[in-house]
Amino acid sequence: YADVPNDLFCQFVVRGGELTDAQSGKTGCITNSSFVIYNEFQDYRQFLLKRGATNWMLDLGEGVLDAYVGAAAYIFDPHTPVSDNLWIADLRKCESKAEDSLSMIQAINANEIPPMSSVRRLSAYQLIPGCSFCHWAPDSLWKVVTRNPLLQHSIQEAGVGAAPVAEFFRLRWEIPPTELGFSKRWTPLANAGYFAAFYRDDYLSIDWKDDGRRAKAELTVRYPYLKGNVGLRVQRQEWYGRPGLVFGRRTDRFTTQPLCEDSMFSFNGIAVFPSSETDRDVMLALLNSRFVAYYINLICGLHKNDVY
């Protein structure tokens, strides 16, 4: 089923929907809860939202399935959606999940909204980048999301840069000043790293003489399966040397720093190029705020890795 990820539980849910009665059939599901937030299940969330295929969910957390994973129970109805609302009960920290689940359902059947639960429109989740089911977010955050445009409207380009092998890196103080510069052999490299709000001293440089000829040749030898297509490891070359912002791929809290003119960025130092210099300054301040750190931690789940 091309509309959902290849994970077996996603495929089983879709197939279960096909086997139900076309008029009133529903499928009860108890699956891994990784689809609630993890990035690679974005297509599955969009599949559920666009079809209005689920209106009830219990986020159960760990201790339900045999494996050491979180679980979610929900109803999949591909034929006759009940409403545009999605009710989610947060039972991740509950000790008596069975009893608490029953009391939650009894309350909702009595037209009550029990504690530790939320009711939001399916369309509200579609406003969240990646359609994350971040049901535990406070109402104040949802107001910000619904009333403000996405930052992507002020961004020209964003993404990873060059990923040559480490032999082509040097520390800045190892290089004679006459050989350091964008048009020279050694180019300053923003490779990100530790927590650093607003500024990071980028001490790495990369051998990028003749448009990275030697580094690209080494990639071809080291990764023969690329068949000479080094574009998979060297991306966005037309943006090298331009000023922007940069953030780390892995860190304990999301922060951004200026990407200086005549510098390069990498797979670990990911670049953002705002539409104007004014946008860059405003975005630098905004992206280093506590709100953005919280928001990114909320919506950017990384499978089997810590989030920001």
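Please read all numbers here as calculations on a predicted model, not as lab measurements.
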Donor-acceptor contact below 3.5 Å, side chain [X] vs main chain [Y]:
| X | Y | value |
| --- | --- | --- |
| Thr54 | Ile75 | yes |
| Asn288 | Thr256 | yes |
| Glu218 | Arg213 | no |

Nearest heavy atoms of [X] and [Y], plus distance in Å:
| X | Y | result |
| --- | --- | --- |
| Ser275 | His153 | OG-O, 4.3 Å |
| Val246 | Pro258 | CG1-O, 4.1 Å |
| Arg280 | Pro243 | NH1-CB, 3.4 Å |
| Asp202 | Arg172 | O-NH1, 3.1 Å |
| Tyr125 | Ser118 | OH-OG, 4.2 Å |
| Val145 | Leu127 | CG1-CB, 3.9 Å |

What about [X] and [Y], are their ring centers closer than 6.0 Å?
| X | Y | answer |
| --- | --- | --- |
| Phe9 | Phe41 | yes |
| Phe47 | Phe35 | no |
| Tyr74 | Trp87 | no |

Arg170 and Glu179 ion-paired at < 4.0 Å: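 So Arg170 does not pair with Glu179 through a salt bridge.
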Lys216 with Asp210: basic N within carboxylate O range, under 4.0 Å: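 Salt bridge absent between Lys216 and Asp210.
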Tell me whether the count of non-hydrogen atoms from other residues, nucleotides or ligands lying under 6.0 Å of [atom1] in [X] goes above 12.
| X | atom1 | value |
| --- | --- | --- |
| Ile30 | CD1 | no |
| Tyr203 | OH | no |
| Phe12 | CZ | no |
| Lys209 | NZ | no |
| Asn148 | CG | yes |

Taking only distance into account, with no hydrogens and no angle test, what donor-acceptor pairs under 3.5 Å do side-chain atoms of residues 130-139 form with protein atoms, sequence neighbours excluded?
unit_1	atom_1	unit_2	atom_2	d
His135	NE2	Asp59	OD2	2.8
Asp139	OD1	Arg120	NH1	3.3
Asp139	OD1	Arg120	NH2	2.8

For residues [X] and [Y]: do they belong to one hydrophobic cluster (side chain heavy atoms under 4.5 Å, members Ile, Leu, Val, Met, Phe, Trp, Tyr)?
| X | Y | result |
| --- | --- | --- |
| Leu232 | Tyr225 | yes |
| Tyr294 | Phe195 | no |
| Phe291 | Trp142 | yes |
| Val144 | Ile128 | yes |
| Tyr199 | Leu259 | no |

Could you grab the distance from atom [atom1] of [X] to atom [atom2] of [Y], nearest 0.5 Å is fine?
| X | Y | atom1 | atom2 | result |
| --- | --- | --- | --- | --- |
| Leu49 | Leu86 | CG | CG | 7.5 Å |
| Thr220 | Arg233 | OG1 | CZ | 11.5 Å |
| Leu48 | Asn55 | CG | CG | 10.5 Å |
| Phe265 | Trp239 | CZ | CH2 | 9.0 Å |
| Trp208 | Gln237 | CH2 | CD | 5.5 Å |
| Leu204 | Met264 | CG | CE | 12.0 Å |

Within 45° cone and under 6.0 Å: Arg242 NZ/CZ vs Phe273 ring: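 Not flagged: Arg242 not positioned over aromatic ring of Phe273.
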Taking the side chain as everything from C-beta on, heavy atoms only, tell me whether [X] gets closer than 4.5 Å to [Y].
| X | Y | result |
| --- | --- | --- |
| Ser34 | Val69 | no |
| Pro129 | Tyr295 | yes |
| Leu287 | Phe254 | yes |
| Lys26 | Trp56 | no |
| Gln106 | Leu102 | yes |
| Gln126 | Lys50 | yes |
| Ile155 | Val272 | yes |

Apart from Leu180 itself, residues in the same hydrophobic cluster as defined by side-chain heavy atoms under 4.5 Å: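 Besides Leu180, the cluster holds Ile175, Trp186.
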Show me the donor-acceptor pairs within less than 3.5 Å that the side chains of residues 159-166 make with the rest of the protein, sequence neighbours left out.
none

Tyr240 vs Val234, side-chain contact (heavy atoms from CB on, under 4.5 Å): CA-CA, chis, key distance, verdict: CA-CA 11 Å; Tyr240 295 171; Val234 180; 3.5 Å; yes
Chi angles and distances behind the side-chain contact (heavy atoms from CB on, under 4.5 Å) call for Tyr44, Asp7: CA-CA 10 Å; Tyr44 186 59; Asp7 196 291; over 6 Å; no
Qualifying residues under side chain to side chain donor-acceptor pair (under 3.5 Å), relative to Asp279, sequence neighbours excluded: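 Listed in chain order: Ser276.
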With sequence neighbours excluded, residues passing side chain to side chain donor-acceptor pair (under 3.5 Å) with Thr255: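 Gln257.
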Pairs flagged by side-chain hydrogen bond (donor to acceptor under 3.5 Å, both in side chains) wherever residues 93-105 is involved - sequence neighbours left out: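 Output for this query is empty, none listed.
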side-chain contact (heavy atoms from CB on, under 4.5 Å) between Leu286 and Val292, intermediate numbers included: CA-CA 7 Å; Leu286 178 62; Val292 167; 4.1 Å; yes
CA sep, side-chain torsions, deciding dist, call: Met116, Cys94, side-chain contact (heavy atoms from CB on, under 4.5 Å): CA-CA 10 Å; Met116 300 184 299; Cys94 293; 3.8 Å; yes
